[in-house]
Amino acid sequence: NERLQELVRMFKERTEKAKEKLIDPDSSDEDSVISCDLSTTTPLSIISLFNSLISSSADLMYVLWMFLVSLAWNWNVWFIPVRWAFPYQTPDNIYYWLLTDYLCDLIYILDITVFQPRLQFVRGGDIVVSVTLEAFTVIDLVPLELFYFKTGINPLLRLPRLLKVRVFTCTAVSFSLRVIRTTTYLLYCLHCNACLYYWGSALKGLGSTKWVYNGEGNSYIRCYYFAVKTLITIGGLPDPTTLFEIVFQLINYFVGVFAFSIMIGQMRDVVGAATAGQTYYRTCMDNTIKYMSSYRIPKDVQNRVKTWYNYTWQSQGMLDEQELLTQLPDKMRLDIAIDVNYSIVSKVPLFQGCDRQMIFDMLKSLRSVVYLPGDYVCKKGEVGREMYIIKAGEVQVVGGPDGKTVFVTLRAGSVFGEISLLAVGGGNRRTANVIAHGFANLFILDKKDLNEILVHYPESKKLLRKKARKMLTKGKKPEPKEEAKEPRQVPAAPVRQETPRLLRAALEMTEKSSRLKGALAKVKEKTNKSSISLQVNVHKT
């Protein structure tokens, strides 16, 4: 368990360092700096430094070395047949030929002993660096030249040097290099045929028949011209007369038909693969135009659709970036998004101070959309479901009575639509009209994707809402303060005048008489009740 925890910690540290290098490639630490002071470097450290320099297939030093090896290989491929067939190797210049041969052998030896064993390769999913030599790596250096002492200097004994071709067949090449390679195959077939034609002519005797080479002019050019006419079946060749000539010509015809058909097929595949994207773009555009024509869409709308297709393809090289990125693993999509979009998103003031991992997750959810000049990005009153980040171009916030007054122009790196997306202020309606001023490329972040991301980053969510509120209230004017007013005075009740004495006495006498009348009424009521009760008793008896 402790070992697993340690491995997890080491992987996390390495991942963080890789992310930091992706974000800021110029930053470096002391561990990544390689010392090149050879005066105090041991031989072992020199080997380690050399190994680190050639470990990458894209390293410039290794590419230059492979170019040198390819020159040595091409020397053997092209000149071994020429030296065997044509009389260009003479006793006067034999030492120059041998010196060049052994120089090429030295390059082969250095490649096998120094470079190839230190290359990385994949075995069972693991990256392996082998320092041992395998048997097949030394076949091309079999010293058949020892037979020179018995047969003389025969260039055919150097044919094993051509096996070095396996080094180059595993290299991925672009379309232009594939075209060059296919053309080179055709030229080499013609080259070998020219050598065989001169060898057959020399075997039968130069100028002995009309079919063989007559020995006039430049021998290689004349024989190469014959090979071109034979393999490409141009015609106009003299008829063969002997059995050897007939068999040689038949083989030439058969090889020419197959070689030429194979070359044409390869060229067709190369051109088709190189223009596959352009073909897809034209197909999509033609289908869209056909659809609009069938429904009689107005011409101005059709022209805008054509303009969108043309500009999107010219600016991006594809119609939808998501189609390409969805094929990649999540980690690779994140790495690409960081390299392409992080420099733009990190400069947005709204996201400054947020969790870096939250920004990484957001980068994977961004969609790139192109707007034409005059297109409405959003309209006032619409429900806000998206937030926009300007990648390239400009947009204008317009309004006013005529709807054409420009309030502000937003450029690359600006953000808008975040107020409605974050539902700040109690609503999610658009607060302004935004149109594209020229061609504009915008990043779009859906509300659903943002909410799913912010669930895991509550602190960043609070910070974003706080910044959005501040941006919402930034443009409002403060309300004027009302002047302090004196409290409203309630009018005092009027002072009652004093009652006169005569009137006061009359009121008192009236009050006393009313009391006396009330007492007499009560006595009369009691008397009536007692008389009623006596009468009831008499009747009962």
Side-chain angles (χ1 to χ4, degrees), residues 70-90 93-94 96-97 100-101 104 153-165 168-169 173 176-271:
S70 67
L71 290 179
W73 180 77
N74 277 280
W75 167 267
N76 293 316
V77 166
W78 291 90
F79 283 97
I80 286 177
V82 171
R83 293 161 59 187
W84 167 74
F86 291 90
Y88 292 149
Q89 180 176 297
T90 62
N93 58 18
I94 187 65
Y96 298 105
W97 292 104
T100 309
D101 289 343
C104 294
I153 301 177
N154 188 354
L156 291 181
L157 294 176
R158 293 184 56 82
L159 284 178
R161 304 296 187 273
L162 307 185
L163 298 177
K164 197 72 173 178
V165 68
F168 311 104
T169 55
V173 294
S176 58
L177 293 181
R178 289 179 61 185
V179 172
I180 295 175
R181 185 179 63 182
T182 303
T183 306
T184 304
Y185 289 161
L186 178 60
L187 295 177
Y188 187 72
C189 290
L190 297 174
H191 172 76
C192 293
N193 189 269
C195 295
L196 290 174
Y197 175 67
Y198 184 87
W199 170 78
S201 299
L203 183 65
K204 299 295 293 183
L206 299 178
S208 58
T209 63
K210 294 182 178 180
W211 183 84
V212 299
Y213 170 59
N214 56 11
E216 298 178 0
N218 188 294
S219 58
Y220 180 78
I221 298 298
R222 294 294 184 91
C223 293
Y224 198 89
Y225 176 72
F226 174 85
V228 171
K229 294 177 66 175
T230 304
L231 289 182
I232 305 181
T233 62
I234 296 176
L237 296 173
D239 296 330
T241 55
T242 64
L243 179 63
F244 174 79
E245 295 174 356
I246 294 173
V247 172
F248 188 89
Q249 193 68 10
L250 287 175
I251 295 175
N252 273 346
Y253 284 144
F254 279 112
V255 173
V257 169
F258 282 107
F260 199 65
S261 61
I262 291 174
M263 297 304 168
I264 292 177
Q266 287 191 0
M267 294 295 288
R268 183 198 62 185
D269 294 339
V270 170
V271 174

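On a predicted model such as this, the values are computed, not experimentally measured, just so you know.
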Tell me if a side-chain donor or acceptor on [X] pairs with a main-chain N or O of [Y] at a distance below 3.5 Å.
X	Y	answer
Ser219	Gly215	no
Asn93	Thr90	yes
Asn193	Cys189	no

Between [X] and [Y], what is the shortest heavy-atom contact and its length?
X	Y	result
Val212	Gly207	CG2-N, 3.6 Å
Cys195	Ala85	O-CB, 3.3 Å
Ala227	Ala194	CB-N, 3.8 Å
Leu186	Met263	N-CE, 3.7 Å
Trp73	Arg161	CD1-O, 3.6 Å
Val77	Pro81	O-CD, 3.2 Å

Can you pull the ring pair (Phe, Tyr, Trp, His ring centres under 6.0 Å) pairs that have at least one residue in residues 221-247, sequence neighbours excluded?
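Only Tyr197-Phe226, Trp211-Phe226, Tyr220-Tyr224 qualify under ring pair (Phe, Tyr, Trp, His ring centres under 6.0 Å).
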Residues forming a side chain to side chain contact (heavy atoms under 4.5 Å, CB included) with [X], sequence neighbours excluded:
X	answer
Ile251	Val247, Val255
Leu159	Ile80, Leu156, Leu162
Ser261	none
Asp239	none

Excluding sequence neighbours, so at least two apart, what forms side chain to side chain donor-acceptor pair (under 3.5 Å) with [X]?
X	answer
Tyr253	Gln249
Ser208	none
Arg222	none
Thr209	Glu245

Steps toward side chain to side chain contact (heavy atoms under 4.5 Å, CB included) verdict (Tyr198, Leu206)
CA-CA 9 Å; Tyr198 184 87; Leu206 299 178; 4.1 Å; yes
Given side chains that start at C-beta, do those of Ser201 and Phe248 come closer than 4.5 Å, heavy atoms only?
no
Flag side-chain contact, heavy atom, 4.5 Å: Cys223 against Phe86
yes
Is atom NZ of Lys229 surrounded by more than 12 heavy atoms (other residues, nucleotides or ligands) closer than 6.0 Å?
yes
Counting only heavy atoms not in Phe258, do more than 12 fall under 6.0 Å of its CZ?
no
Inter-residue atom distance [X].[atom1] - [Y].[atom2], 0.5 Å rounding:
X	Y	atom1	atom2	value
Asn252	Leu196	CG	CG	8.0 Å
His191	Trp78	NE2	CH2	6.0 Å
Gln89	Phe79	CD	CZ	12.0 Å
Lys210	Leu237	NZ	CG	14.0 Å
Thr182	Arg268	OG1	CZ	12.5 Å
Thr183	Arg181	OG1	CZ	11.0 Å

Checking Trp199 now: which residues fulfil ring pair (Phe, Tyr, Trp, His ring centres under 6.0 Å) with it, not counting sequence neighbours?
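Trp84.
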Could you walk me through whether Arg83 and Asp101 pass side chain to side chain contact (heavy atoms under 4.5 Å, CB included), step by step?
CA-CA 12 Å; Arg83 293 161 59 187; Asp101 289 343; 2.9 Å; yes
